[in-house]
Amino acid sequence: MVLDREFFAQPSVEVAPRLLGALLSVDDTVLRITEVEAYLGEVDPGSHAFRGRGNRNAAMYGPPGHLYTYFTYGMHTCANVVCSPEGVASGVLLRAGEVVGAVAQARARRLTSKSDADLARGPALLCVALGITLADGGADLDSGRFRLDLPAAQSPCEMGPRTGVSGPGGSAEYPWRFWIPGDPTVSPYKRHRPSRVEPVETSER
DNA sequence: GTCGAGATTATCT
DNA sequence: GATAATCTCGACC
């Protein structure tokens, strides 16, 4: 099955909602994606590619349908699906999902996780649960250990501001976070970390 | 349930 | 030297 090269060659904002409900297999572990976030690359202040190509984000400039992994906060690995044609930086961050295959293995990797819903609730946890590491960066998502199956129909989806993104423009301006409404595996992080815009102060609840 | 602060290191300026 | 697409834990409601 042609894993729709054309599909992944679109901008990440187009690809992101369609990834909801997709099944990502890594070895024997299968994840149903429930939450993603789109990054547009050089025109997106929140993107790693905003300041141009570097060593870390090289994979994001690579061919679509591949994996882009990066290390952040000194201890966390996160995974993206590369979008847009080769040479254009764009990606979809996998934020959360539900482990539906080889749950025992995923649970073994996630010792701190208490319930199944917690196994992949968050970008870094998702990678741990699936066993994705930096070494998997640049891997084709339709070969080797990886396989990505898109849902036949688009899942219901809700969108909102991205979380955890700092820098200029905040990125509340970019409502490019997509998730499946009501799914228990969607990350509960509604807290905005940095400078939160306080609209007014005249009480008003 | 929500909110707030600290930890910890690869990558880039 | 500063930054970061985060997580965990503790306090409070």
Side-chain angles (χ1 to χ4, degrees), chain A residues 11-13 15-17 19-20 24 31 33-62 66-84 88-97 99 106-107 109-115 117-138 159-179 182-198 205:
Chain A
S12 51
V13 276
V15 175
L19 281 177
L20 295 175
L24 174 64
L31 182 88
I33 298 170
T34 60
E35 183 183 1
V36 298
E37 224 168 70
Y39 287 86
L40 276 202
E42 299 180 345
V43 299
D44 177 4
S47 171
H48 286 161
F50 179 59
R51 280 152 90 227
R53 186 171 187 155
N55 214 354
R56 176 172 58 169
N57 56 25
M60 223 180 350
Y61 288 82
H66 284 224
L67 196 63
Y68 161 52
T69 54
Y70 67 90
F71 211 69
T72 189
Y73 283 89
M75 44 215 251
H76 301 300
T77 305
C78 300
N80 297 243
V81 177
V82 177
C83 299
S84 296
V88 180
S90 166
V92 177
L93 169 68
L94 305 179
R95 286 199 61 87
V99 178
R107 181 180 280 280
R109 284 188 286 258
R110 291 275 40 200
L111 288 173
T112 59
S113 176
K114 297 185 176 176
S115 69
D118 288 332
L119 287 175
R121 188 159 57 160
L125 301 180
L126 183 150
C127 287
V128 176
L130 292 183
I132 295 175
T133 68
L134 276 186
D136 296 310
M159 62 191 287
R162 296 184 297 190
T163 61
V165 180
S166 56
S171 56
E173 320 173 19
Y174 305 91
W176 294 332
R177 176 174 170 227
F178 304 87
W179 65 92
D183 196 287
T185 61
V186 171
S187 64
Y189 301 151
K190 310 198 175 210
R191 44 182 167 175
H192 307 271
R193 215 172 83 273
S195 52
R196 182 185 152 192
V197 211
E198 304 281 343
R205 114 196 282 293

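Every chain is numbered from 1 and lettered A, B, ... according to where its sequence line falls, protein lines coming before strand lines. Everything numeric in this text was worked out from a predicted model, so none of it was measured. Values reported hereafter were calculated over all heavy atoms of this structure, with side chains retained and with hydrogens, waters and symmetry mates removed.
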Phosphate OP1/OP2 of [N]: any [X] side-chain N/O under 4.0 Å:
X: A:Arg95; N: C:dA5; value: no
X: A:Arg56; N: C:dA5; value: no
X: A:His76; N: C:dC7; value: no

Quick one, [X] and [Y] - any side-chain contact, counting heavy atoms below 4.5 Å?
X: A:His48; Y: A:Tyr68; answer: yes
X: A:Leu40; Y: A:Trp176; answer: yes
X: A:Val36; Y: A:Leu20; answer: yes

By side-chain hydrogen bond (donor to acceptor under 3.5 Å, both in side chains) - contacts of A:Tyr70 (at least two apart):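 With neighbours one apart ignored, the set is empty.
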
For A:Asp183, side-chain hydrogen bond (donor to acceptor under 3.5 Å, both in side chains) partners two or more places apart: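 So A:Asp183 forms a side-chain hydrogen bond (donor to acceptor under 3.5 Å, both in side chains) with A:Arg32, A:Thr185.
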
Counting only side-chain heavy atoms from C-beta out, which of [options] sits nearest to [X]?
X: A:Arg110; options: B:dC12, C:dA5, C:dT8; result: C:dT8
X: A:Leu125; options: B:dT13, C:dC7, C:dA5; result: C:dC7
X: A:Leu93; options: B:dT8, B:dA10, C:dA5; result: C:dA5
X: A:Thr112; options: C:dT8, C:dT6, B:dT8; result: C:dT8

Can you check the [X] [atom1] to [N] [atom2] distance for me, whole Å?
X: A:Lys114; N: C:dC9; atom1: NZ; atom2: P; value: 8 Å
X: A:Tyr70; N: C:dT3; atom1: OH; atom2: C1'; value: 14 Å
X: A:Phe50; N: B:dT13; atom1: CZ; atom2: C1'; value: 15 Å
X: A:His48; N: B:dA10; atom1: NE2; atom2: C1'; value: 11 Å
X: A:Leu134; N: B:dT9; atom1: CG; atom2: P; value: 14 Å
X: A:Phe71; N: C:dC7; atom1: CZ; atom2: C1'; value: 13 Å
X: A:Leu126; N: C:dA5; atom1: CG; atom2: P; value: 17 Å
X: A:Leu111; N: C:dC7; atom1: CG; atom2: P; value: 17 Å

So A:Asn55, base contact, sugar-phosphate only, or nothing? Heavy-atom distance under 4.0 Å.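 Result for A:Asn55 = sugar-phosphate.
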
Dot-bracket for DNA chain B, please, read 5' to 3', with Watson-Crick or G-U wobble pairs under 3.5 Å on both distances, ( ) within the strand, [ ] crossing, | other strand, . unpaired. |||||||.||||.

Please check if any side-chain donor atom of A:Tyr61 sits under 3.5 Å from a side-chain acceptor atom of A:Glu42, or the reverse.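 On atom types as modelled, these side chains qualify, holding a pair under 3.5 Å.
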
Rounded to the nearest 0.5 Å, what separation is found between the OG1 atom of A:Thr69 and the CG atom of A:Leu94?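 Nearest 0.5 Å value for the OG1-CG distance: 11.5 Å.
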
For A:Tyr39 and C:dA5, do the ring centres fall under 5.5 Å apart while the planes stay under 30° apart?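 Yes; by the centre-distance and plane-angle rule, A:Tyr39 counts as stacking on C:dA5.
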
Are the ring of A:Tyr73 and the six-membered base ring of B:dA7 within the stacking cut-offs of under 5.5 Å and under 30°?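 Taking the rule of under 5.5 Å and under 30°, the ring of A:Tyr73 does not stack on B:dA7.
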
If the threshold is 4.0 Å, N to carboxylate O, is there a salt bridge linking A:Arg162 and A:Asp44?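 Looking at A:Asp44 together with A:Arg162, the answer is yes, because their closest N to O distance falls below 4.0 Å.
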
